[in-house]
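Down below is the structure, laid out as structure tokens.
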Amino acid sequence: MEVRVSFAPLTELMSTLTTDQAPEMSMEANSEMLGTAHANGRNSETRKTISSEPRPSDLLSREDCLEMFRQLYLARYFDVRLIKEKKRGRLRGTLYSSHNQEAVLVGSLFGLKSSDWISPIHRDMPAFFLKDLRGKWGEAERSGMSIQEVCAQVWGKVGSPGRARDNWSHIGSKAKHIIHSTSMLAGTIPVAAGVVYADRSRGGDAVCLTFNGEGSTAQGIFHEAINFAAVHKLPVVTIVENNQWAYGTPVSQGSPVTDIADRARGFGIPGYIADGQDVFDVYDKVANAVAHARAGNGPSIVECKTFRAYGHGDHDDDRANRYRDQEEILMGRLRDPIAVCRKLLVDRGFLTGDAATAYVAEGKSATDATNDDFPPEVVDFLNQGIEFAIASPLPDAAEAGQWVFKEAE
Amino acid sequence: MAIAEPLVSAATATGPVAKNYLTALKEAISEEMGANPEMISMGEDIGLLGGAFGVTDGLLDKYGRERVIDMPISEGAIVGAAVGMALNGKTVMAEMQFIDFISCGFDQIVNMMATYHYRTAGEVNIPVVVRGPAGAYGGGALYHSQMNEAWFCNSPGLRVVCPSTPYDAKGLLKQCLRDGNPTIFFELKELYRKNEIAEILPEEDYTVPLGKAAIRQSGTDITLVSYGQNVYHCLAAAEELTKLGLSAEVIDIRSLVPLDEETIFKSLAKTNRIIVVNEAPMTCGFAGEIISRVTTKAFDLLDAPPVRITRLDTPVPWVKPLELFVLPSVEKIVKAALATVKY
């Protein structure tokens, strides 16, 4: 069994971060956090103590780091803008906000190769266009969806990759190596295992990242699939976005282990814990997991400790403010991933002067944030998608009866 | 019991020997694996053991561990991984050790596999055949006797197939493995080694098309529609009815989805009376579906109320008198046929 690379639970990270990294956080806030959402009794290595070797993120160029920062803005702006559009009555269906969890998406996707596969879930809409976006914002042909495709899906238009047959995040692309999501969370892990099994049989080295909530780790299929992947040492990296809440149920009622990563032990595979608010820590842990997988050593679990900023979906925002303590919500939103990233970039000298504070999107709800809080290239990027979506027609009604079966050729 | 009309002309005396249903299935899988290097077989105990019933006997030696996978006892993972392999270019045969266990993989079948082509607007095809031994009459009791085909007929996107003869077992399985659609393939384990139905199979490659029923016996007074091993109950009943001066036509639908309605309606135009026989429970079963189509699309052809003879709405009990009590039988069919003709 592999030695776990890092076990830094968020609480301990917090105590580390308050000294040199955590933005504007008082010791009081930190100690309160210890007692609330991220309470965790483990004594183990922190981020600082594993630094005898350079972390993968230490090797990232300034350009890459700034790209990740920009991608955080992009993911946030996508969320902010869609909430605004939804509130204007322009969108159907339920919006599952990824607000405050963007670092999990950006950090885990940033190091992938174009040939790798991913399997996002409902809260990961930005993942569809963030995949293979690194340095390719203007490229139409890349192994990730275009913003036009993603927006056409959100608007329920024919330009959607699935021609808007299933809603919101339930899209994918065989060509772009994105497994199509369903509502049955953890249900794509066995599919991921099958995909990479097939790839490996042809000599490929593709890894598949599957995204999951902590709630879905109670599903039987979660265990069946990782067990199978572990037996065959398949390159499946299971990202668990532990945002503390599975709809209306706290993690304490859904999991007997405080750290979901501990579930890895039963499969004899590594379980990594990442600070889900820190895009570089997510990048590091996922990079380790991906390297492990690509080297033929098999699957692993990367638990990203984070916090769901709003309700399960936008239909749940009001109730989520009642079934969750205000203090917990406040604490959970305190370390905005944009702010955490900004601080690290300033510390590394990658961001200086006015550029460091040009766009302050952190700590703002969708109602409060405006386009001026985001870099113009981010706003432009999404505008292109929205314009395409609005112009795209609705699918023809008769399509509803098509494609139940593949017709004979 | 034997098929009244052999589907294959008898070979010469020195020709090949008759093959049973299990051998036919075994040949279908092995030949398709040989013809299609992108095909994988997976399931519980299918490799080293050669399958609980031996359907995959010899497959591991022939095609190796990469292509013949002994899976953990995880039906959900079996189906899910099969779907993933299919998404990435493979054709997959996934065995359920008993079709009763398919319920453990239900979500992956009905929500993941069945819907994939639809929700991707045709981008993704899922050439996966989930097959396994099904059916009662063998004392298998509650969890080794089921015919749960109705669950899957009620899940759009799945082919549902059930052969009754060695010829069909091989030809239909091959067709399903080439069809490009996810399929649930019901095999009757009581037929696996039934020597009476062994038959000479063509030397050359062949398939049996989906959605084409077979008329196993022609008749003019009443139509008996069935599939699987109940076809043989119908044939035996037809023999009894002949002695009583009644001519029964026996139709084996072979595939439930797609269903060959035409053959049924054509027969009904001759006989004007229909009995549907299957060993699944009655309520919401496929017998009810066939009768519903008859009454909505061919009502004018009926001279008597259609009848369904099914398992009672009970699980399949273990000991013989109990098991037979709940299942369709030759006697039940003959009795119902007489009543229908007299109506």
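Per chain, numbering begins at 1; letters A, B, ... match sequence-line order.
What you find for B:Glu123 and A:Lys174 is that their closest heavy atoms are OE2-N, 2.7 Å. When all heavy atoms are compared, the tightest approach of A:Gly162 to B:Ala121 is O-CB, 3.9 Å. The two atoms that bring A:Phe228 and B:Ala81 nearest to each other are CE2-CB, 3.7 Å, heavy atoms only. Across all their heavy atoms, B:Ala77 and A:Ile221 have their closest contact at N-CD1, 3.6 Å. A pairwise comparison of heavy atoms in B:Met112 and A:Gly187 identifies CE-O, 3.3 Å as the closest pair. Summarising the geometry of B:Tyr116 relative to A:His180, their closest heavy-atom pair is OH-ND1, 2.8 Å, with the distance given to 0.1 Å.
Using a 4.5 Å cut-off between heavy atoms, A:Asn227 touches chain B through its side chain atoms alone. Heavy atoms of A:Ser119 lying under 4.5 Å from chain B are absent altogether. Residue A:His177 does not touch chain B at all, counting heavy-atom pairs closer than 4.5 Å. With a threshold of 4.5 angstrom between heavy atoms, A:Thr188 approaches chain B through its backbone and through its side chain. Contacts of B:Pro156 with chain A are made by both backbone and side-chain atoms, with heavy-atom separations under 4.5 Å. With a 4.5 angstrom heavy-atom cutoff, A:Ser183 does not touch chain B via any of its atoms. For B:Arg65, the part sitting under 4.5 Å from any heavy atom of chain A is the backbone (N, CA, C, O) and nothing else. Looking at A:Ala400, the atoms closer than 4.5 Å to chain B (heavy atoms on both sides) sit in the backbone and in the side chain alike. Looking at B:Leu158, the atoms closer than 4.5 Å to chain A (heavy atoms on both sides) all sit in the backbone: N, CA, C or O. With a threshold of 4.5 angstrom between heavy atoms, B:Met71 approaches chain A through side-chain atoms but not through N, CA, C or O.
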Quick one: do A:Tyr197 and B:Glu66 satisfy side-chain contact (heavy atoms from CB on, under 4.5 Å)? Show the steps, please.
CA-CA 9 Å; A:Tyr197 190 100; B:Glu66 292 296 313; 3.9 Å; yes
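Between B:Gln108 and A:Val191, the closest side-chain pair of non-hydrogen atoms falls below 4.5 Å. Between B:Lys90 and A:Ser201, some side-chain heavy-atom pair lies under the 4.5 Å cut-off. B:Arg119 has its side chain within reach of A:Thr182: a pair of non-hydrogen atoms, C-beta onward, lies under 4.5 Å apart. The closest side-chain heavy-atom distance from B:Leu87 to A:Ile179 is below 4.5 Å. Under the 4.5 Å side-chain criterion, counting only non-hydrogen atoms from C-beta, A:Glu224 is not in contact with B:Pro72.
Ranked by heavy-atom pairs under 4.5 Å with chain A, the first of B:Thr115, B:Asn88, B:Ile78, B:Ile69 is B:Asn88.
More than 12 heavy-atom neighbours from other residues, nucleotides or ligands sit within 6.0 angstrom of OH on B:Tyr206. For B:Ile73, the CD1 atom is loosely surrounded, since the number of other residues' heavy atoms within 6.0 Å does not exceed 12. Heavy atoms of other residues, nucleotides or ligands lying less than 6.0 angstrom from CZ of A:Arg92 number 12 at most. More than 12 heavy atoms of other shown residues, nucleotides or ligands fall within 6.0 angstrom of atom NZ in A:Lys406.
The line from CD of A:Glu399 to OH of B:Tyr118 is 9.0 Å long, rounded to the nearest 0.5 Å. We find the CG-CD distance between B:Asp179 and A:Glu407 to be 9.5 Å, quoted to the nearest 0.5 Å. The line from CG of B:Asp107 to CE of A:Met184 is 5.0 Å long, rounded to the nearest 0.5 Å.
Residues of residues 34-45 of chain B lying under 4.5 angstrom from chain A, judged on non-hydrogen atoms, are B:Glu38, B:Ile40 in numerical order.
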